[in-house]
Amino acid sequence: QVQLVESGGGLVQAGGSLRLSCAASGRSFSTLTMGWFRQAPGKEREFVSAIVWNGDTTYYADSVKGRFTISRDNAKNTVVLQMNSLKPEDTAVYYCGAGQKWTYYSGNYNPHPREYDSWGQGTQVTVSS
């Protein structure tokens, strides 16, 4: 199990950028897929992006492809989500979660949140128009 703490959220105008970080504690971090999900008011939590244990493969929801970039540093136990060209519809609480060990997924990977655990407390992202 890992413990996760997200940071980096805030208020930004449409077209702006934010950089979210997820700090993990626990020795198994480097073996795990790490994912970002988001939840807007009145909506269910949805997949945003994921990165496999060694960082060589990444996955994105169609709604963020070309605008968001996920990366990880296993030496520092961190996962980063760089968000550019933000839109008002990106407004949500963003959560970091831990997935499976040593696993690759199909190109149309779109996991349900129940496939992840060890959620952090979330960080609020608000994009004004």
Side-chain angles (χ1 to χ4, degrees):
Q1 286 285 352
V2 293
Q3 290 75 48
L4 304 173
V5 178
E6 302 96 336
S7 62
L11 173 64
V12 65
Q13 289 188 331
S17 298
L18 282 174
R19 182 180 176 90
L20 305 184
S21 292
C22 174
S25 59
R27 292 181 294 175
S28 62
F29 175 80
S30 63
T31 70
L32 300 171
T33 295
M34 297 300 297
W36 285 96
F37 289 71
R38 65 189 181 187
Q39 189 164 14
K43 295 188 175 181
E44 299 204 347
R45 193 170 297 190
E46 65 175 8
F47 171 69
V48 175
S49 182
I51 185 166
V52 300
W53 82 98
N54 60 4
D56 72 356
T57 304
T58 57
Y59 307 88
Y60 298 93
D62 288 344
S63 58
V64 307
K65 278 180 183 175
R67 300 188 297 122
F68 291 10
T69 302
I70 190 171
S71 60
R72 68 187 297 161
D73 185 337
N74 285 346
K76 296 181 178 179
N77 277 20
T78 58
V79 180
V80 170
L81 185 69
Q82 177 66 42
M83 306 187 298
N84 298 329
S85 302
L86 282 161
K87 304 175 181 180
E89 51 264 43
D90 294 318
T91 296
V93 178
Y94 283 70
Y95 297 91
C96 177
Q100 296 177 304
K101 287 187 176 182
W102 299 309
T103 303
Y104 286 103
Y105 309 90
S106 64
N108 60 349
Y109 181 57
N110 184 22
H112 192 278
R114 72 170 72 92
E115 298 178 43
Y116 283 69
D117 57 21
S118 302
W119 298 102
Q121 83 289 348
T123 186
Q124 176 71 48
V125 171
T126 303
V127 184
S128 64
S129 58

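Note that this is a predicted model, so its numbers are computed, not measured.
Smallest separation of non-hydrogen atoms from Ala14 and Ser129: CB-CA, 4.4 Å. Here the shortest heavy-atom pairing between Thr103 and Val52 reads O-CG1, 3.4 Å. Here the shortest heavy-atom pairing between Ser17 and Ser85 reads OG-N, 4.4 Å. Considering all non-hydrogen atoms of both residues, Val2 and Ala98 come closest at CG2-CB, 3.8 Å. When all heavy atoms are compared, the tightest approach of Gly9 to Leu20 is N-CD2, 3.6 Å. The nearest pair of heavy atoms linking Val5 to Gln121 is CA-OE1, 3.8 Å.
Residues Leu81 and Trp119 do not share a hydrophobic cluster, clusters being chains of Ile/Leu/Val/Met/Phe/Trp/Tyr side chains in contact below 4.5 Å. Hydrophobic clustering of Ile, Leu, Val, Met, Phe, Trp and Tyr side chains at less than 4.5 Å, counting indirect connections, keeps Met34 apart from Tyr116. With hydrophobic clusters built from ILVMFWY side chains whose heavy atoms lie under 4.5 angstrom apart, Val79 does not share a cluster with Tyr95. In terms of hydrophobic clustering, with Ile, Leu, Val, Met, Phe, Trp and Tyr side chains grouped at heavy-atom distances under 4.5 Å, Ile70 and Phe37 are assigned to different clusters.
Summarising the geometry, atom CG belonging to Leu4 is positioned 12.5 Å from atom OG belonging to Ser21; distances are rounded to the nearest 0.5 Å. Atoms CG and OG1, on Asp73 and Thr78 in that order, are 4.5 Å from each other to the nearest 0.5 Å. Here the straight-line distance linking atom OG1 of Thr69 with atom CE of Met83 works out to 11.0 Å at 0.5 Å rounding. A distance of 11.0 Å separates CD in Gln124 from CD in Gln39, rounded to the nearest 0.5 Å. The distance from atom CZ of Arg114 to atom CZ of Arg45, rounded to the nearest 0.5 Å, is 13.0 Å. Distance CD/Gln100 to CG/Asp117: 10.0 Å, rounded to 0.5 Å.
Side-chain N or O atoms of Thr91 include one that pairs as donor or acceptor with a backbone N or O of Val127 at under 3.5 Å. A donor-acceptor contact shorter than 3.5 Å is absent between the side chain of Glu6 and the backbone of Thr123. Using a distance-only test at 3.5 Å, with no hydrogens or angles considered, a donor-acceptor pair links the side chain of Asn77 to the main chain of Ala24. Formation of a donor-acceptor pair under 3.5 Å by the Ser30 side chain with backbone atoms of Asn74 is not found in this model.
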Using salt bridge (charged side-chain N to carboxylate O under 4.0 Å, His left out), reason through Asp90 and Lys87 one step at a time and then give a plain yes or no.
CA-CA 5 Å; Asp90 294 318; Lys87 304 175 181 180; over 6 Å; no
CA sep, side-chain torsions, deciding dist, call: Asp56, Tyr104, side chain to side chain contact (heavy atoms under 4.5 Å, CB included)
CA-CA 10 Å; Asp56 72 356; Tyr104 286 103; 2.8 Å; yes
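Note: Trp36 and Tyr59 fail the aromatic proximity criterion, with ring centroids not under 6.0 Å apart.
In this view, Thr33 and Tyr105 satisfy the side chain to side chain donor-acceptor pair (under 3.5 Å) rule, not counting sequence neighbours.
When hydrophobic side chains of Ile, Leu, Val, Met, Phe, Trp and Tyr are connected at separations under 4.5 Å, Val80 ends up as a singleton with no cluster partners.
With a 6.0 Å cutoff to the six-membered ring centre and a 45° limit on the axis angle, Arg67 does not count as a cation-pi contact of Tyr60.
Between Phe47 and Tyr109, the ring-plane angle classifies as perpendicular under the 30° and 60° cut-offs.
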